[in-house]
Number of protein chains: 2
Amino acid sequence: MDFGEAAAVIRSALDAEQLCLVVGACIVRYEGRAASKLSEGDRLLVIKPDGTFLVHQGKGMTAINYQGPGAVVKAEATNEELVVTAERSKPMREVIEAHFKRIDFAQSFYMRDDSKLKLFGSERELAKLLAQDLHLIEKGLVPVQEESSLPKGAIDILARDALGHLVVIELKRRDAGLDAATQLARYVSELRKRKGEVVRGILCSPKITPNALKMLEEKGFEWFKLDYEIANPSAKIRGLQKKQKMMTEF
Amino acid sequence: MDFGEAAAVIRSALDAEQLCLVVGACIVRYEGRAASKLSEGDRLLVIKPDGTFLVHQGKGMTAINYQGPGAVVKAEATNEELVVTAERSKPMREVIEAHFKRIDFAQSFYMRDDSKLKLFGSERELAKLLAQDLHLIEKGLVPVQEESSLPKGAIDILARDALGHLVVIELKRRDAGLDAATQLARYVSELRKRKGEVVRGILCSPKITPNALKMLEEKGFEWFKLDYEIANPSAKIRGLQKKQKMMTEF
DNA sequence: GCGATCAGCGGCACG
DNA sequence: CGTGCCGTTGATCGC
């Protein structure tokens, strides 16, 4: 397939709001929030009707070069190459150029798709479940709605314990690291200052790194091992266990 | 194209370590770290030789469903559908299934590509530049190598000022938020405890959110507005300006 | 291998 | 819009 034909395919795809696929050897240049250069190699170019522009190599999950939705795509053919550009101004002016030196394939496809992904086991879903079963953490714990969203971020779950003390619960669907412990500390600290009362902090996650656990202990926070299961229609919390290094080790 | 032919194309692509593209109407199911269901619609399926499995809709940058490198891909055709599965066990057992009810296109491509992306303007590059021009921040500031990597993360740049005080410099290539301010605070606090001496904290970024700036001020840290430019072969720092709300406002 | 962080992060939800 | 933060985050670097 020659460059002129490929350019025509791309233009017609853009015009008809169709997905366009191009396979061939190309060089890619990008300049915008950063800048990059990719020397010649065989790649797949995906152009979507919304302006999305993806350059994929033969391996790895992520596109090696890309432009997000909202880009204006153009195709220009000469005798020596096909240049496909995508330009946008949204976060800032950004341009990507793919210079094809060889075209193996170029075709467009009409894709009708109104479906949205249904996802189960998100943190949001787990938080909802856990808020209804706070006794799994501790007897007498009740959820509170008030003030659960600070100007500095939203608290996953806010509750009061049997003594009436505020409890900030930070939930992580996967292993917690320093960032999670830090985030919890920030919320607790902010709430203490704001309310001027005793505030406890609890981190719930399937696992935790040693450093993060150490930080929790130093700050007097607690960690609960979260055991949950992802059934297909929804998620279920199997249990919560307080697992913390004791100060008194035998 | 019928399901049997498409299955044959996929199998031969896997065998020959080629990229394979499939376009058609499908349902997608995923179960692993989370679970998801996507009802029928037209999609592009990209299968890479390394096991990468990407399901793309007609819009948006990210794959709506996917499986990372290392997955084992299989294709099975019946009279009613083509089922393509990808299974892996790396972070945990994960399975994705695409059930094609209609095939518009299926083809494989040999893609030779040994090139690696050259990226300019990364944080790493900026840090290297800035470390050589610390006078842009303050006269008398000199870089220190010692202890720049704590057990809890690595400090971007560690320096000593004219008075001999340690200075932790946290660099952000883009707008800094609460997380950046928190991170700086963590490093400074750790270093103070570890060294038992005065430690200053400086955040350098093109922009900063009001909350993050407020947190810096509360903790007595400083913010420098970073002005840099991304030339194509490398990045250049144009300047650094101390920009902080003064306690004494007129 | 784990642990921490960066990413041209992207995407979403909330104010 | 910005601000914050989750993500089946992925990818990278250091230990």
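Naming convention: chains lettered A, B, ... in sequence-line order (proteins, then strands); numbering from 1 in each chain.
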Under 4.0 Å from OP1 or OP2 of [N]: is there any side-chain N or O of [X] that close?
X	N	answer
Arg124(A)	dC14(C)	yes
Thr209(A)	dG3(C)	no
Lys172(A)	dC6(D)	yes
Arg173(A)	dC5(D)	no
Gln183(A)	dC6(D)	yes
Tyr187(B)	dT5(C)	yes
Ser36(A)	dG8(C)	no

Please work out if [X] contacts a base, only the sugar-phosphate, or nothing of the nucleic acid, heavy-atom cut-off 4.0 Å.
X	answer
Pro210(A)	sugar-phosphate
Glu31(A)	nothing
Gly60(B)	sugar-phosphate

Requested in this report: Rounded to whole angstrom, note down the P distance from dT8(D) over to dA4(C).
Outcome: 22 Å
Looking at [X] and [Y], would you say the former's side chain and the latter's main chain have a donor-acceptor pair under 3.5 Å?
X	Y	result
Tyr228(A)	Gly121(A)	no
Arg173(A)	Arg33(B)	yes
Arg238(B)	Asp227(B)	no
Lys48(A)	Gln57(B)	yes

Report summary line: The side-chain contact (heavy atoms from CB on, under 4.5 Å) partner of Ile208(B) among Leu203(B), Leu178(B), Asp175(B) is Leu203(B)
Looking only at the side chain of [X] (C-beta and beyond, no hydrogens), which of the listed nucleotides [options] gets closest?
X	options	result
Glu94(A)	dG8(C), dT8(D), dG10(C)	dG8(C)
Arg174(B)	dC9(C), dT8(D), dG8(C)	dC9(C)
Arg88(A)	dG11(C), dG10(D), dG8(C)	dG8(C)

Report the distance from atom [atom1] of [X] to atom [atom2] of [N], rounded to the nearest whole Å.
X	N	atom1	atom2	result
Met61(A)	dG10(C)	CE	P	14 Å
Leu213(A)	dA4(C)	CG	C1'	16 Å
Leu178(B)	dG2(D)	CG	P	17 Å
Met215(B)	dT3(D)	CE	P	15 Å
Ile155(A)	dT3(D)	CD1	P	21 Å
Leu117(B)	dC9(C)	CG	P	14 Å
Leu119(A)	dT8(D)	CG	P	5 Å
Ile208(A)	dG3(C)	CD1	C1'	13 Å

Requested in this report: On DNA chain C, check which nucleotide each of Ile64(A) and Ala212(A) is closest to and give me the residue with the more 5' one.
Outcome: Ala212(A)
Query raised in the report: Of Pro69(B) and Arg186(A), whose closest DNA chain D nucleotide lies nearer the 5' terminus?
Result: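 Going by which nucleotide is closer to the 5' end, it is Arg186(A).
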Report task. Look at the side chain of Asn65(A) and the base of dG8(C), then say whether one donor and one acceptor between them are separated by less than 3.5 Å. Result ->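 Pair found.
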Query raised in the report: Side-chain donor or acceptor of Glu123(A) under 3.5 Å from a matching atom on the base of dG7(D)?
Result: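 No, no donor-acceptor pair under 3.5 Å.
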**Report entry** Salt bridge flag under 4.0 Å for residues Arg93(B) and Glu31(B)
**Finding:**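 No, no charged N to carboxylate O under 4.0 Å.
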